[in-house]
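Worksheet: the structure to be examined is printed underneath.
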Protein chains: 2
Amino acid sequence: MTANAQYRLAARPVGLPKPTDWQYTEEPVAEPGDGQFLVQNQYLSLDPAMRGWMNAGKSYLPPVGIGEVMRAMAVGTVVSSKHHGFAEGDVVQGVFGVQKYAISDGTGVSTVDTSLAPAPVHLGTLGSSGFTAYFGLLDIGKPEPGQTVVVSAAAGAVGSIAGQIAKIKGCRAIGIAGGPEKCELLVSQFGFDAAIDYKAGDLRGQLKQHAPDGVDVFFDNVGGEILEAVLARLARGARVIISGAVSQYNTETGARGPANYMQLLVRRASMTGFVVFDYAARYPEATADLAAWLRDGRITSRETIVDGGITAFPETLLGLFAGKNTGKLILAV
Amino acid sequence: MTANAQYRLAARPVGLPKPTDWQYTEEPVAEPGDGQFLVQNQYLSLDPAMRGWMNAGKSYLPPVGIGEVMRAMAVGTVVSSKHHGFAEGDVVQGVFGVQKYAISDGTGVSTVDTSLAPAPVHLGTLGSSGFTAYFGLLDIGKPEPGQTVVVSAAAGAVGSIAGQIAKIKGCRAIGIAGGPEKCELLVSQFGFDAAIDYKAGDLRGQLKQHAPDGVDVFFDNVGGEILEAVLARLARGARVIISGAVSQYNTETGARGPANYMQLLVRRASMTGFVVFDYAARYPEATADLAAWLRDGRITSRETIVDGGITAFPETLLGLFAGKNTGKLILAV
């Protein structure tokens with residue numbers, strides 16, 4: 001008997017998830033029924049959004065229930081199948097959860113073309129992170145050549161791609177990240193025109209220096225102080241893309257809204273939220289563009305792969321909120 | 001010699017304007033030079049935005065300088081003219097300031113057609129208040145027939161018109177106002193489908209009752225708690241129009257942003273600011289529609305005209321922030 005190892009949600013966290021918020025379980029690997037297949041997970045996608053899924057209350061997805069296997073995107077291999085669309089040996093991607101094995105009926109599952117890029121890239125640049133950057137920046141941000149695009153969490157999976165797409169579209173790209181190493185990377189690896197280290201202080205002064213004519217598009221993954229600083233420097237008609245708010249997900253003192261949101265009026269600007277899953281029908285379009293840019297070397301994809309096995313999950317997730325990764329954070333199972 | 005009476009800004013207010021923030025001055029009425037004319041003000045427009053103009057710092061208009069006559073829209077009569085475009089006796093509208101007489105070179109001044117509606121209406125429904133409602137609701141809000149439109153400060157000059165335009169466009173209109181009298185007025189006079197009294201408490205419960213399927217368009221003049229309550233009830237793809245934030249203008253504890261702004265992401269919604277002056281080239285279009293709707297009885301225009309003369313200005317302005325008016329607040333000079 002092969003054992004499946006899993007992390008289940010044990011309690012709804014207050015602030016950062018504690019070890020006791022998780023329950024590690026083992027159970028026999030299930031057999032796929034008719035119309036199902038069994039996947040052995042190889043790579044788990046670790047995303048800031050996971051923190052939101054752990055909260056009670058309505059959001060764009062239902063919360064993970066107490067006692068349920070934690071929700072996660074993953075890439076794995078089909079090890080047995082009673083589904084006509086998926087065969088043993090297929091490399092697939094889907095919401096397979098924080099576990100070694102998953103049973104699936106194929107809903108939301110796609111086959112991964114590893115000739116395009118290695119499997120982990122399909123969780124990042126060619127997966128929901130890249131799609132988030134692509135549709136958020138292009139559909140919501142509508143950047144025009146010559147405009148100034150600012151990206152927060154710019155060394156992360158989404159931000160690093162958003163900045164590079166901005167450059168491809170002829171914009172000036174400014175990245176905000178924490179610490180000199182990430183900032184160096186933004187410029188040298190990801191091709192941003194300038195990097196702002198929010199940990200170095202005087203965020204508003206740095207923004208003024210690098211965006212003297214204002215910010216036309218802000219791709220925000222962070223919220224909080226960073227959002228306020230950029231709102232204070234918007235150009236007229238600016239578009240603020242609300243992609244995430246990682247600074248707010250683990251707050252214990254109550255979330256904070258941008259106190260200067262009336263800059264939207266002063267600058268005739270908009271702030272728009274989106275959820276990448278709404279663009280599922282257009283994923284092929286994004287994949288085609290992103291894969292071509294990768295192939296042509298116009299985009300650099302970076303992954304931080306933690307080779308810790310499933311038991312490293314709780315700690316690795318905390319590393320995400322501490323900003324330990326650059327590019328996509330992935331746990332090798 | 002005729003004396004001009006004026007209110008000048010003496011100090012930048014902290015919180016609500018105090019009597020000592022104003023300086024009352026008298027000086028001889030000036031003679032118009034070549035290309036100028038002299039206006040005798042009859043009606044001053046009192047607007048929430050005036051509070052913002054009193055603050056230091058960049059906004060969509062430069063602040064009123066200390067010692068300068070307070071900025072105000074007004075309707076008056078030309079009493080002498082050396083300007084080829086304006087003749088003695090013309091009824092005109094412009095930014096004539098809080099004073100009895102103003103010298104103008106015609107910049108931003110338009111002639112008022114009193115056959116269309118009485119002069120005070122040209123400061124409200126056929127003036128910047130009506131235009132704000134018209135362009136904000138239609139251009140930013142893009143309401144569709146059958147959708148639910150919520151308006152805050154709905155008994156005010158802008159809100160009452162926004163709600164009535166929403167009805168004309170086939171929407172369900174819900175107004176938020178303070179107190180049972182205003183709420184009664186919303187339904188009986190302005191034709192809203194429902195009214196919510198924010199002073200009666202349980203704002204969120206009332207919203208849930210009257211907008212069970214969510215809010216498609218929110219025309220916000222208020223900010224603060226009311227903005228948060230409506231964000232919590234947005235329908236998918238909702239548009240939030242940031243027209244003003246009167247709850248925040250006199251705060252002494254620092255402005256407050258909507259803590260739950262991430263509802264924009266959850267609901268795939270947008271929040272967009274605008275300034276009516278940007279639509280100046282399209283005012284004739286708005287005037288034509290609004291005048292036709294007034295004539296056909298599809299819009300009710302309401303003005304609260306305070307007959308106190310120029311010295312009643314400081315107190316009348318405070319009444320605006322206390323919500324004493326319904327419809328447009330006007331001071332008869």
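Every chain is numbered from 1, with letters handed out A, B, ... down the list of sequences.
For a residue to count as touching a neighbouring chain, one of its non-hydrogen atoms must lie under 4.5 Å from one of that chain's; by this rule B:Leu61 does not touch chain A. Of the two parts of A:Ile241, neither the backbone nor the side chain holds a non-hydrogen atom closer than 4.5 Å to a non-hydrogen atom of chain B. In this structure, chain A has a heavy atom under 4.5 Å from the side chain of B:Asp278, while its backbone stays farther away. Of the atoms belonging to B:Arg239, not a single heavy atom falls under 4.5 Å from chain A.
Highest contact tally toward chain A, considering only B:Met262, B:Arg256, B:Gln263, is held by B:Met262 [criterion: heavy-atom pairs under 4.5 Å].
A:Lys18 NZ: more than 12 foreign heavy atoms inside a 6.0 Å radius. In B:Glu68, the CD atom is crowded: over 12 heavy atoms of neighbouring residues, nucleotides or ligands sit closer than 6.0 Å. Few gaps surround CD on A:Glu285; more than 12 heavy atoms of other groups in view lie less than 6.0 Å from it.
Of the inter-residue distances, the one linking A:Tyr60 atom OH with B:Arg268 atom CZ reads 9.0 Å to the nearest 0.5 angstrom. Distance check: A:Ile242 CD1 to B:Ser270 OG gives 11.0 Å after rounding to the nearest 0.5 Å.
Minimum interatomic distance between A:Pro258 and B:Tyr261 (heavy atoms only, all atoms of both residues): CD-CD2, 3.7 Å. A:Ser243 approaches B:Leu265 most closely through the heavy-atom pair O-CD1, 3.4 Å. Closest of all the heavy-atom pairs between A:Ala259 and B:Ala255 is CB-O, 3.5 Å.
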